[in-house]
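Down below is the structure, laid out as structure tokens.
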Amino acid sequence: MNPWLAPLLALAVAASAAAGAEPVKFSDALYAKFQDARCLQCHQFNSRRSNGRAWTSHRTRYLCENCHKPALTGLLGGEWMAPPGEKMDYTGYSARETCELIKRNTPTGDKAEVLSHHLLTDSRVLWAIKSGMTPAGRRPTMPGGYDEWARDVRAWVADGMICD
Ligand code: HEC
Ligand code: HEC
């Protein structure tokens, strides 16, 4: 290495630390985004604890697409579904609990890759951010839109998916 380079690099690191570049945590931005109604309404669907729609307005647990038609939601056939039971209902969880839950529920493999792939490309996540269309009309989508969401997801993953 060029003898001048090491001290220069050290200086650059010190400068970024001095500028207060703290690692990104789940609570910084993503936790608030996870509270968006479009995400929660679906994650609560089969949850008795949250009085989800399967226990109230939606007595039928199947044939979702008779009403949430692909042409309406923009999803492919078979994609409009809610998580089973209560295990993915994070209503009322703290940032740390929510973060630990989603890591725990991620299938085996490189968690950073699986989770960022899901959060950045899953059709239901995209529906919550870009569409919000239901059989009863369009619901408000996530504030900030996709660009802000993608920026926050990437920053969290890049810094090691810290659960605080
Ligand atoms: C239409 C219903 C629906 C909506 C809306 C929805 N989800 Fe999900 N979500 C699911 C289902 C179903 C699963 C389980 C998926 C699977 O096993 O492939 C899931 C899984 C997940 C997972 C676990 C990922 C993994 O790799 O295991 C996370 C995290 C998640 N959703 C976050 C969100 C966020 C954040 C939003 C809002 C931006 C959202 N979801 C909107 C239905 C939904
Ligand atoms: C008979 C028609 C019909 C069927 C079948 C149906 N839904 Fe719905 N769904 C609706 C209507 C109408 C709304 C809007 C009113 C409401 O929010 O309850 C809705 C709303 C929802 C919402 C709330 C969306 C939001 O973000 O506000 C979710 C989640 C949902 N349905 C999931 C499902 C799932 C999962 C299934 C299958 C297990 C299903 N629905 C089956 C008619 C239906």
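In each ligand, atom 1 is the first atom listed, and ligand 1 is the first ligand listed. All heavy atoms count here, side chains included; hydrogens, waters and symmetry mates do not.
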Task: Identity and distance of the protein heavy atom lying nearest atom 2 (C) of ligand 1 - done: C42 SG, 1.8 Å
Open item on the list: With a 4.5 Å cut-off on side-chain heavy atoms, are V24 and I162 touching?
Closed with: no
Open item on the list: Under a 3.5 Å cutoff, is there a donor and acceptor pairing between the side chains of S50 and D89?
Closed with: yes
TODO: Measure from atom 42 (C) of ligand 2 to every heavy atom in G137, P140, P83, P135 and give the option owning the shortest one.
DONE: P135
- [ ] Enumerate the atoms of ligand 2 whose separation from the nearest heavy atom of L63 is less than 4.0 angstrom.
- [x] 5 (C)
TODO: Please say whether more than 12 non-hydrogen atoms of neighbouring residues, nucleotides or ligands are located less than 6.0 Å from CD in E97.
DONE: yes
Open item on the list: With a 6.0 Å cut-off (strictly less than), is the heavy-atom count around CZ of R48, excluding the residue itself, greater than 12?
Closed with: no
Task: Validation row: L115, V157 side chains within 4.5 angstrom (heavy atoms) - done: no
- [ ] Answer yes if a protein heavy atom lies under 4.0 Å from atom 31 (N) of ligand 1, otherwise answer no.
- [x] yes
Task: V125 backbone acceptor or donor facing R38 side chain under 3.5 Å - done: no
TODO: For A128, take its heavy atoms, then give the atoms of ligand 1 lying under 4.0 Å from any of them.
DONE: 37 (C), 38 (C)
- [ ] Among all protein heavy atoms, pick the one closest to atom 27 (O) of ligand 1 and tell me residue, atom and distance.
- [x] N105 O, 3.4 Å
- [ ] Output the list of atoms in ligand 2 that are nearer than 4.0 Å to some heavy atom of W127, sorted by atom number.
- [x] 26 (O)
TODO: Please report which non-hydrogen protein atom sits nearest to atom 18 (O) of ligand 1, along with the residue it belongs to and the distance in Å to one decimal place.
DONE: R124 NH2, 3.9 Å
TODO: Verify whether the ring centers belonging to F26 and F34 lie closer than 6.0 Å.
DONE: yes
Open item on the list: Tell me the protein heavy atom at minimum distance from atom 29 (C) of ligand 1, and give that distance in Å.
Closed with: I102 CG2, 3.7 Å
TODO: Verify the distance criterion only: is there a donor paired with an acceptor across the side chains of Q41 and R53 at less than 3.5 Å?
DONE: yes
- [ ] Could you list the atoms of ligand 1 found under 4.0 angstrom from a heavy atom of A82?
- [x] 12 (C)
TODO: Name the closest protein heavy atom to atom 41 (C) of ligand 1, giving the residue it belongs to and the distance to 0.1 Å.
DONE: C39 CA, 3.8 Å
- [ ] Nearest 0.5 Å please: distance from the CD atom of E22 over to the CG atom of D28.
- [x] 9.0 Å
Open item on the list: Check R96 with E100, please: is the shortest side-chain N to carboxylate O separation under 4.0 Å?
Closed with: yes
- [ ] Taking K33 for its side chain and E148 for its backbone only, find out whether a donor-acceptor pair lies under 3.5 Å.
- [x] no
Task: Any F45 heavy atom less than 4.0 Å from ligand 1 - done: no
Task: Closest protein heavy atom (residue, atom, distance) for atom 21 (C) of ligand 1 - done: H118 NE2, 3.2 Å
Open item on the list: If the cut-off is 4.0 Å to any non-hydrogen atom of A136, which atoms of ligand 2 fall inside it?
Closed with: 14 (C)
Open item on the list: Only heavy atoms of M142, strictly under 4.0 Å: list the atoms of ligand 1 that pass.
Closed with: 38 (C)
Task: H68 NE2 and H58 NE2 subtending at atom 8 (Fe) of ligand 2 (10° steps) - done: 170°
TODO: Assess C67: does it contribute an N, O or S atom lying under 2.8 Å from atom 8 (Fe) of ligand 2?
DONE: no
TODO: Give yes if a backbone or side-chain nitrogen or oxygen of R139 is under 3.5 Å from a nitrogen or oxygen of ligand 2, and no if not.
DONE: yes
- [ ] Provide the closest heavy-atom pair for P135 versus C67 in the form atom of the first, atom of the second, distance.
- [x] CG-O, 3.6 Å
Open item on the list: Give me the residue, atom name and distance of the protein heavy atom closest to atom 23 (C) of ligand 1.
Closed with: M88 CE, 3.4 Å
Open item on the list: If the threshold is 4.0 Å, N to carboxylate O, is there a salt bridge linking R124 and D122?
Closed with: yes
Task: Heavy-atom nearest neighbour in the protein, as seen from atom 7 (N) of ligand 1, with distance rounded to 0.1 Å - done: H43 NE2, 3.0 Å
- [ ] Mark up the atoms of ligand 2 that fall under 4.0 Å of a heavy atom belonging to S57, in ascending order.
- [x] 18 (O)
Task: Residue pair K111 / K103: nearest heavy atoms and the distance that separates them - done: NZ-O, 2.6 Å
- [ ] Measure Q41 to ligand 2 on non-hydrogen atoms and call it side chain, backbone, both or neither using the 4.0 Å cut-off.
- [x] both
Task: Contact atoms of ligand 1, heavy-atom distance to W149 under 4.0 Å - done: 35 (C)
- [ ] Identify, by atom number and element, the atoms of ligand 1 in contact range of R38, meaning under 4.0 Å from any of its heavy atoms.
- [x] 5 (C)
Open item on the list: Under 2.8 Å from atom 8 (Fe) of ligand 2 - does any N, O or S atom of C64 fall there?
Closed with: no
TODO: Before signing off on this row, confirm whether N66 and ligand 2 have an N or O atom pair separated by under 3.5 Å.
DONE: no
- [ ] Look only at the side chain of Q35 and the backbone of Y31, and say whether a donor-acceptor pair between them is shorter than 3.5 Å.
- [x] yes
